[in-house]
Amino acid sequence: QVQLVESGGGLVQAGGSLTLSCEVSGNFYRVDDMAWHRQAPGKQRELVARISYGEFPLYVDSVKGRFTIDRHDADNTASLQMKMTILKPEDTAIYYCNADVVTRIGDSVFHHDSWGQGTQVTVSS
């Protein structure tokens, strides 16, 4: 069974920094796309940043230049970090880790759209 566990959320003043982490564990073949999404109160969940294995990351315009994601892959583990700087009150949201986790049975591969439980980020003005 695959699990995504996030950590690193919290309360910070505007202009401050936080780093979110997501650990993927369990029995899987590989992890393809990894991403951070967020959902602010009363708003729809939105993609913040995404990184595919071996490719450059993509960011939503509102966080470009302020957020940086990075991933590390090893046997049966994968992790995703997001360093958030120059935080603004509008960054306040629950942040979710998302990963396309691939399992394999024989010659067949299966993609699982997996999510973490979310971690709260609150930026005070």
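This is a predicted model, so every value here is computed, not measured. We number each residue from 1, following the sequence as shown.
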Is it the case that more than 12 heavy atoms not belonging to Gln3 sit under 6.0 Å from its CD atom?
no

Which heavy atom of Val101 sits nearest to which heavy atom of Ser114, and what is that distance?
CG2-OG, 3.7 Å

Between Thr77 and Val24, is any pair of side-chain heavy atoms under 4.5 Å apart?
no

Quick one: do Arg66 and Asp91 make a salt bridge, cutoff under 4.0 Å?
yes

Report yes if some heavy atom in the side chain of Val102 is under 4.5 Å from a heavy atom in the side chain of Phe28; otherwise report no.
no

The single option from Thr103, Val31, Asp100 passing side-chain contact (heavy atoms from CB on, under 4.5 Å) against His112:
Thr103

Please give me the minimum heavy-atom distance between Ala93 and Arg38, naming the atom from each residue.
CB-CB, 3.8 Å

Please answer whether the main-chain N or O of Gly9 pairs with a side-chain N or O of Thr119 as donor and acceptor at a distance below 3.5 Å.
yes

For the residue pair Glu23 / Ser21, report whether a side-chain donor-acceptor contact shorter than 3.5 Å exists.
no

Look at the side-chain heavy atoms of Ile, Leu, Val, Met, Phe, Trp and Tyr, link any pair under 4.5 Å apart, and say whether Ile51 and Leu58 land in one connected group.
no

Closest heavy-atom pair, Thr92 versus Gln120, reported as atoms and distance to 0.1 Å, is CG2-NE2, 4.1 Å

Tell me whether Phe67 is reachable from Val60 by hopping between hydrophobic residues (I, L, V, M, F, W, Y) whose side-chain heavy atoms are closer than 4.5 Å.
yes

I'd like to check Met82 versus Val48 (side-chain heavy atoms, cut-off strictly below 4.5 Å). Are they in contact?
yes

Arg104 charged N/C atom sitting above Phe110 aromatic ring, 6.0 Å / 45°:
no

Taking Cys97's backbone N and O only, do any of them form a donor-acceptor pair with Glu6's side chain (distance below 3.5 Å, no angle check)?
yes

ILVMFWY cluster, Ile94 and Ile69 together (side-chain gap under 4.5 Å)
no

Working to the nearest 0.5 angstrom, can you tell me the gap between Lys83 NZ and Leu18 CG?
11.0 Å

If we check ring-ring contact (aromatic ring centres under 6.0 Å, His included) with His37, which of these qualifies: Trp115, Tyr95, Tyr96?
Trp115

Considering non-hydrogen atoms only, spot the tightest contact between Arg50 and Asp33 and give its length.
CD-OD2, 3.8 Å

